[in-house]
Every structure is written in C-alpha cells, then in structure tokens.
Student: 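Dropping the structure in here first, questions after.
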There are 2 protein chains.
Amino acid sequence: MIEPEVIQEHVDKLSAEMRRGLIVLVVMSQLETEEYGYSLLKKLEEKGYDITQDTLYPLMRRLETQGYLNSDWKVDEPRPRRYYQLNELGEAVLEALRKEWKEQFKVIEEITK
Amino acid sequence: MIEPEVIQEHVDKLSAEMRRGLIVLVVMSQLETEEYGYSLLKKLEEKGYDITQDTLYPLMRRLETQGYLNSDWKVDEPRPRRYYQLNELGEAVLEALRKEWKEQFKVIEEITK
DNA sequence: CTATAATACTGTATATTATACAGTATTGTC
DNA sequence: GACAATACTGTATAATATACAGTATTATAG
C-alpha cells in the first residue's frame, strides 16, 4: 500500500503540468473584455482555477509579445493598472483554438477514460 | 482580415502547447496493460491523437525514471522490444489523476466556453 | 495615526521537459 | 536487392511556467 500523501504529491506535480498547457486557452478566453493582472487572478481563483501571480503576469507579457494582446497602462484610477485585451489576431486565434479543442477534448476523453 | 493560414499557424503552435500537458495522462492511461513504444505510437495515432517518436520515447523514459513505469526488454519476439507498464505507484497515481481531472475539465470547460 | 493586509505591478533567474537531431539495426516486401 | 516499416538509444536545444527579488500604493483595523 502506498501512502495517500505520497500519491497526492505526485498527482499535484503532474496536475500542475497538465494545467500548464491549458493556461493559454483559459487566459485568452477571459480577455475578450479587458482585464488587468490582479483582477484576472482573482476572477480565475473565484472560478476554481488556481493560478499564481508568478504564472499569470509573465504569461500576459508573453501573450502580448507574441502579438495576441494589447496592453494599456491606465493611471486615472485609484491606482495604476495595466489592462490587457485580445487584439484582432488574438480574437481570431482564440476562436479557432476553441473550435479545435472541442474536438481534442473529445479525443482525449475517449482515450483516457 | 487576417489570413486563415496565419491563424492556423498560431493555433497549431498553441495547440501543441496545450496537448503537451495532457500527454502524461494520455500515455499513462494506455499503460495499464503493457505496450512498447512503437505499438503505443500507432495506437494513439489510430485514435486520433497525434504524437511523434520524438515525444513519446523520451516521455516513457521519463515516466520510468520518475517511478511510474516498469520496463522489460523482451528479446524472444520477431524483434527486440522494450515493454512498459504502470507499476503500483503508477496505477495509484493514474487513478487519482483521473479523478482530479474530471473536476478540472469541468472548471476549464466552464471558464473557456 | 500606525501597523498590516491587500492591491498591483516589473525584472531576471532557473528548472523542467517536449521536441529535435543523429544514429543504429532488423524485418518485411516489392 | 532496394526500400519502407519497425523499434529503439543518446544527447542537444529551445521554450516557458514558476520562482525569486524587489517596489510602491491604498485600504482597514486597532
């Protein structure tokens, strides 16, 4: 018999790895309307999706670098915030990605069940 | 308007990234019975899951190193093959991982739809 | 008022790992 | 006798989530 805590440790590690790949879809799908890092962080936590600053901020920077997001530094608010939103390319890519993953999820579900 | 080929290129790249994380679950779920690399490769292709040698072989080696698989080099066959199969830890982890991802998939589906 | 928690970032380093690349050898099959 | 398919091993590399360090402001509770 293997200790449940030991199993859980392994599951946590592999689970994180699995979540990793899907983060892009999760985050992009939230940025059809503008969000800043912290607001998105809280929003995702609320919805049961665990993610840390250390993951989210660099990801948003990366998605901007890769050309999917535009950002807008707003200072006319209680405190300065960088708002991100999908641009035209981002929108188009998200739409196609969703479509593709409806299929992929089916395949994976079938394989892993 | 953005060229469809351009969008597809981006989708392919992000899609590969998404698939990446799930590979572990996909592969482990096939190794409740023993398989060798090439047989698993063909099996997954058949089921609509694209994966290359370059991904699969190193992954199986890694899962063995991490203690989830045992391997067995069989030479009494038309040609020598290394068979892999989940060991006790692997079975336990897979079971827990499946359970956890039933939940996770629900969350992600809800968030990304 | 003043400590503390929550908010809201930026910048750089590191560890992990899928993928790529190179190579080897055997077994069909045309 | 050539070529495709089978079936690996070993090492290199590029991408990127996560970690770590640092900064500064605004609520809030005592």
Side-chain angles (χ1 to χ4, degrees), chain A residues 9-10 12-28 31 34-46 49-69 71-84 104 108, chain B residues 9-10 12-28 30 34-46 49-69 71-84 104 108:
Chain A
E9 256 172 65
H10 286 277
D12 287 346
K13 196 162 171 282
L14 294 176
S15 237
E17 190 178 331
M18 288 171 62
R19 216 170 358 229
R20 196 138 60 215
L22 302 178
I23 288 175
V24 169
L25 181 62
V26 165
V27 166
M28 285 182 79
L31 292 175
E34 64 175 9
E35 294 276 352
Y36 57 96
Y38 199 82
S39 68
L40 185 48
L41 192 72
K42 292 296 154 188
K43 202 173 166 185
L44 290 175
E45 270 173 18
E46 239 171 65
Y49 190 86
D50 284 335
I51 188 169
T52 68
Q53 284 205 353
D54 286 343
T55 299
L56 186 59
Y57 282 115
L59 175 59
M60 290 172 102
R61 292 180 234 161
R62 171 198 149 193
L63 291 176
E64 189 180 19
T65 305
Q66 293 180 332
Y68 305 124
L69 305 181
S71 80
D72 182 14
W73 183 253
K74 291 193 187 169
V75 288
D76 62 335
E77 298 196 23
R79 76 179 66 192
R81 292 161 176 157
R82 181 176 298 282
Y83 282 85
Y84 290 90
Q104 275 297 314
I108 290 170
Chain B
E9 254 172 66
H10 286 278
D12 287 346
K13 196 163 172 280
L14 294 176
S15 236
E17 190 178 331
M18 287 171 63
R19 215 170 359 225
R20 196 138 62 213
L22 301 178
I23 287 175
V24 169
L25 181 62
V26 166
V27 167
M28 284 182 79
Q30 299 306 301
E34 64 176 8
E35 295 275 353
Y36 57 97
Y38 198 81
S39 67
L40 186 48
L41 193 71
K42 293 296 153 185
K43 202 173 166 184
L44 290 175
E45 269 171 18
E46 240 172 64
Y49 190 86
D50 284 334
I51 187 168
T52 69
Q53 283 205 354
D54 286 343
T55 301
L56 187 60
Y57 282 114
L59 175 59
M60 289 172 103
R61 293 181 232 161
R62 171 198 149 195
L63 291 175
E64 188 180 20
T65 305
Q66 292 179 335
Y68 304 124
L69 305 181
S71 80
D72 183 13
W73 182 253
K74 291 193 188 171
V75 288
D76 61 339
E77 298 196 27
R79 74 178 71 190
R81 294 160 174 156
R82 181 176 298 283
Y83 282 85
Y84 291 89
Q104 276 297 314
I108 290 170

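Proteins get letters first, then strands, A, B, ... in listed order; numbering begins at 1 in each.
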Student: Any idea which heavy atoms bring B:H10 and A:Q66 closest together, and the distance?
Tutor: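 Between these two residues, the closest heavy atoms are CE1-O, 4.4 Å.
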
Student: Is there a side-chain contact between A:R62 and the phosphate of D:dA17, meaning an N or O under 4.0 Å from OP1 or OP2?
Tutor: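 Affirmative; the distance criterion is met.
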
Student: Could you check whether B:P58 gets within reach of a base, just the sugar-phosphate, or nothing at all, counting any heavy atom under 4.0 Å?
Tutor: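 Base contact - B:P58 has a heavy atom under 4.0 Å of at least one base atom.
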
Student: Tell me: CZ of A:R61 to P of C:dA13, nearest whole Å?
Tutor: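 About 13 Å, once rounded to whole Å.
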
Student: So for B:R79 and C:dG28, does any side-chain atom that can act as donor or acceptor lie under 3.5 Å from a complementary atom in the base?
Tutor: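 Answer no: no donor N or O sits under 3.5 Å from an acceptor.
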
Student: Write down the distance between CZ (A:R81) and C1' (C:dA6), rounded to a whole number of angstrom.
Tutor: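 Nearest whole value for this atom pair: 12 Å.
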
Student: Compare side-chain N and O positions of A:K42 against OP1 and OP2 of C:dA8 and report whether any pair is under 4.0 Å apart.
Tutor: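 No, outside the criterion.
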
Student: In terms of the nearest nucleotide of DNA chain D, which residue is placed more toward the 5' end: A:P80 or A:R20?
Tutor: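 Here A:R20 is the residue nearer the 5' end.
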
Student: Within this structure, what is the OH-to-P distance between A:Y49 and D:dA17, rounded to whole angstrom?
Tutor: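 Going from A:Y49 (OH) to D:dA17 (P), I get 10 Å.
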
Student: What is the distance, to the nearest angstrom, from the CG atom on A:L63 to the P atom on D:dA17?
Tutor: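 It works out to 8 Å between those atoms.
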
Student: Considering heavy-atom distances to DNA chain C, does A:E17 or A:S39 have its closest nucleotide positioned more toward the 5' end?
Tutor: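 Taking each residue's closest nucleotide, the earlier one in sequence belongs to A:S39.
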
Student: Can you figure out which of D:dC20, C:dT7, C:dT19 approaches the side chain of A:D54 most closely?
Tutor: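 Minimum distance to the A:D54 side chain belongs to D:dC20.
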
Student: Roughly how many Å is it from CG in B:L59 to P in D:dG10, rounded to a whole number?
Tutor: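 It is 17 Å, rounded to the nearest whole Å.
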
Student: Could you tell me whether A:R82 contacts a base, only the sugar-phosphate backbone, or nothing, with contacts defined as non-hydrogen atoms closer than 4.0 Å?
Tutor: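 Answer is sugar-phosphate: A:R82 comes under 4.0 Å of backbone atoms only.
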
Student: Have a look at B:Q66 and say if it touches a base, only the backbone sugar-phosphate, or nothing, with a 4.0 Å heavy-atom cut-off.
Tutor: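 Answer is sugar-phosphate: B:Q66 comes under 4.0 Å of backbone atoms only.
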
Student: Atom CE of B:M18 and atom C1' of C:dT17: how far apart are they, to the nearest Å?
Tutor: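 So the two atoms are 18 Å apart, to the nearest Å.
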
Student: Measuring from the side chain of A:W73 (C-beta onward, heavy atoms only), which nucleotide among D:dA5, C:dA20, C:dT10 has the closest atom?
Tutor: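 Side chain of A:W73 sits closest to C:dT10.
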
Student: For A:E45 and C:dT7, give me the distance from atom CD to atom P, rounded to whole Å.
Tutor: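 The distance from CD of A:E45 to P of C:dT7 comes to 9 Å, rounded to the nearest Å.
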
Student: With sugar-phosphate meaning primed atoms plus P, OP1 and OP2, does B:Y36 contact a base, only sugar-phosphate, or nothing at under 4.0 Å between heavy atoms?
Tutor: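 Sugar-phosphate: the residue B:Y36, judged by heavy atoms under 4.0 Å, touches backbone atoms but no base.
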
Student: Is it true that A:K42 and A:E45 make a salt bridge, defined as a side-chain N closer than 4.0 Å to a carboxylate O?
Tutor: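 Looking at A:E45 together with A:K42, the answer is yes, because their closest N to O distance falls below 4.0 Å.
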
Student: Testing the 3.5 Å rule here: is there a donor-acceptor pair between the side chains of A:Y36 and A:E77?
Tutor: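 Per modelled atom types, A:Y36 and A:E77 side chains form no pair under 3.5 Å.
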
Student: Grab the CG-P distance between B:L41 and D:dC8 for me, whole Å please.
Tutor: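 Rounded to the whole Å, the gap is 10 Å.
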
Student: Using a 4.0 Å heavy-atom cut-off, does A:Q53 contact any base of the nucleic acid, only the sugar-phosphate backbone, or nothing at all?
Tutor: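 The residue A:Q53 makes base contact.
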
Student: Choose from C:dT7, C:dT17, D:dT16 the nucleotide whose nearest atom is closest to any side-chain atom of B:K13.
Tutor: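 Of the options given, the side chain of B:K13 lies nearest D:dT16.
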
Student: For a quick test of reading the model: is some side-chain N or O of A:T55 closer than 4.0 Å to OP1 or OP2 of D:dA17?
Tutor: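 A:T55 to D:dA17 OP1/OP2: no side-chain N or O under 4.0 Å.
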
Student: Side-chain contact, heavy-atom cut-off 4.5 Å: A:M60 with A:L63?
Tutor: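 No, too far: nothing below the 4.5 Å cut-off.
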
Student: Tell me whether A:R82 is salt-bridged to A:E64, with the criterion being a basic N under 4.0 Å from an acidic carboxylate O.
Tutor: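 So A:R82 does not pair with A:E64 through a salt bridge.
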
Student: Are A:Y68 and B:L14 side-chain neighbours, meaning at least one heavy-atom pair lies under 4.5 Å?
Tutor: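 Heavy-atom side-chain distance check passes, below 4.5 Å.
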
